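Comments concern the structure below.
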Number of protein chains: 2
Amino acid sequence: MTPRTGTEDGHVPVPADPRHHVADPRARLRAAGLRVTAPRQAVLGVLGEHPHSTAEAVASAVRSRLGSVSTQAVYDVLAACVDAGLVRRIEPAGSAARYETRTGDNHHHVVCRSCGATADVDCVVGEPPCLTPSDAGGFVVDEAEVVFWGTCPSCHAARVGLAGPTTARRPVTQHESHHHEERRT
Amino acid sequence: MTPRTGTEDGHVPVPADPRHHVADPRARLRAAGLRVTAPRQAVLGVLGEHPHSTAEAVASAVRSRLGSVSTQAVYDVLAACVDAGLVRRIEPAGSAARYETRTGDNHHHVVCRSCGATADVDCVVGEPPCLTPSDAGGFVVDEAEVVFWGTCPSCHAARVGLAGPTTARRPVTQHESHHHEERRT
DNA sequence: CACCGAGACTGGAACGAGTCAAGAAAAGGA
DNA sequence: TCCTTTTCTTGACTCGTTCCAGTCTCGGTG
């Protein structure tokens, strides 16, 4: 994800989007039976603009809107929203958890190995083929989660035209984010 | 840290032999060009017997064989083996990393939501259908990782016993009960 | 429209899983 | 065997996240 610096404009004028995906946070909170508070609206707003943000990224974005919000509050809000089904939490290996407001459809993700950028991928072949493992060893499966690993456009470009010095790119992944796998082109 | 130029790249992948996870640890280590040490043999041995173990589980199992081995040594060994392609590391959301000796084939996993038990699942429809997302948003994808979430046989039985059928699909990500382990395909 | 209680936030400490660094101990080729 | 290289031991430390206890506030009620 790209935590751009300039953080949004104070309020979202309901851009008349197709679904209520990007609808007014207030409305969604109410609909979910959750209290409407500033931190919650802010969190939903931020996530709407920057999907796949980490808790910390959300926290700082929220702070830049509201002034000061405790980290704990952000975690609480996120947890509450996840519980209520307003937010989905994904946890790609080797990085902190990321959150997004697109719920309901079981879409998947592509994650960049080098910078951690994440993008949505609609369900693979149209229908969920992955939902039926040939043999689940007796498990009762209720969800299939797919993560595609690869290289995002910009990292790929950087790598191809490389020879470039260590221009401080965005070291998004602090933990071991490089599982050198390759093979299989 | 971005995987900048080279540094620790260029490891020589071991010719993946499907039977490797049954072979003598010593032989495998040699074949991979790694030194043969007691901790390493023990780690591979343990993983052979208990696939999908966490680092901590491996550590304690190894200790019960060798007496005393530092946690750090276990992490080092695991990392070395992963690098050499002798061990694969998986990291299901909400639990610590797990390791297995079955490498080479890109198989997937089923994870039990309530106890964390993990089992292998052979690639879904025979061939990897998941490897080709319809639209990867410009990403260059090189691997697809699939995790099936559900309930393992014993947890399922337990649940059915005292409540209605599995209807509640809530994210049970609490620290799962310990040492509830595997079952093979 | 002030009141009140469950449910939100605050701040700080605590935790689990891993990583880093420096030195002691071995593995194995010469 | 000796010596170099790699591995193991200790122990401090980071990160992301959670737990706790106290304070504040949303929003339903009198």
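Chain naming here is simple, since letters A, B, ... match the order of the sequence lines and numbering starts at 1 in each. None of these values were measured; they are calculated from a predicted model.
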Nearest whole Å is fine: how far is [N] [atom2] from [X] [atom1]?
X     : N      : atom1 : atom2 : result
B:R40 : C:dA27 : CZ    : P     : 11 Å
B:R89 : C:dT19 : CZ    : C1'   : 11 Å
B:L29 : D:dT6  : CG    : P     : 16 Å
A:E91 : C:dA17 : CD    : P     : 13 Å
B:R63 : D:dT9  : CZ    : P     : 9 Å

Using only heavy-atom distances, determine whether the side chains of [X] and [Y] contain a donor-acceptor pair under 3.5 Å.
X      : Y      : result
B:E100 : B:H109 : yes
B:R63  : B:T71  : yes
B:D120 : B:H52  : yes

Carboxylate-amine/guanidinium proximity below 4.0 Å for A:E145 and A:R88: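 No, A:E145 and A:R88 are not salt-bridged.
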Salt bridge present between A:D105 and A:R102 (N-O < 4.0 angstrom):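 Salt bridge absent between A:D105 and A:R102.
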All N/O contacts under 3.5 Å from nucleotides 28-30 of chain C to the protein, with atom names and distances to one decimal?
unit_1 : atom_1 : unit_2 : atom_2 : d
C:dG28 : OP1    : B:V36  : N      : 2.9

Sugar-phosphate, base or nothing in reach of A:A80, heavy atoms under 4.0 Å: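 A:A80: no heavy atom of the nucleic acid under 4.0 Å.
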Given A:T151, A:V110, A:V121, A:T118, the one that forms side-chain contact (heavy atoms from CB on, under 4.5 Å) with B:F139: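 Result for side-chain contact (heavy atoms from CB on, under 4.5 Å) with B:F139: A:V110.
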Minimum heavy-atom distance between B:P92 and B:R98, given as atom pair plus value: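 Shortest heavy-atom separation between B:P92 and B:R98 comes out as CG-CD, 4.1 Å.
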Close approaches to DNA chain C from residues 65-77 of chain B, in residue order (heavy atom, under 4.0 Å):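 Residues of residues 65-77 of chain B that come under 4.0 Å of DNA chain C are, in numerical order, B:Q72, B:Y75.
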B:E56 CD: over 12 foreign heavy atoms closer than 6.0 Å: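 No, CD of B:E56 has 12 or fewer neighbouring heavy atoms, counting only those of other groups under 6.0 Å.
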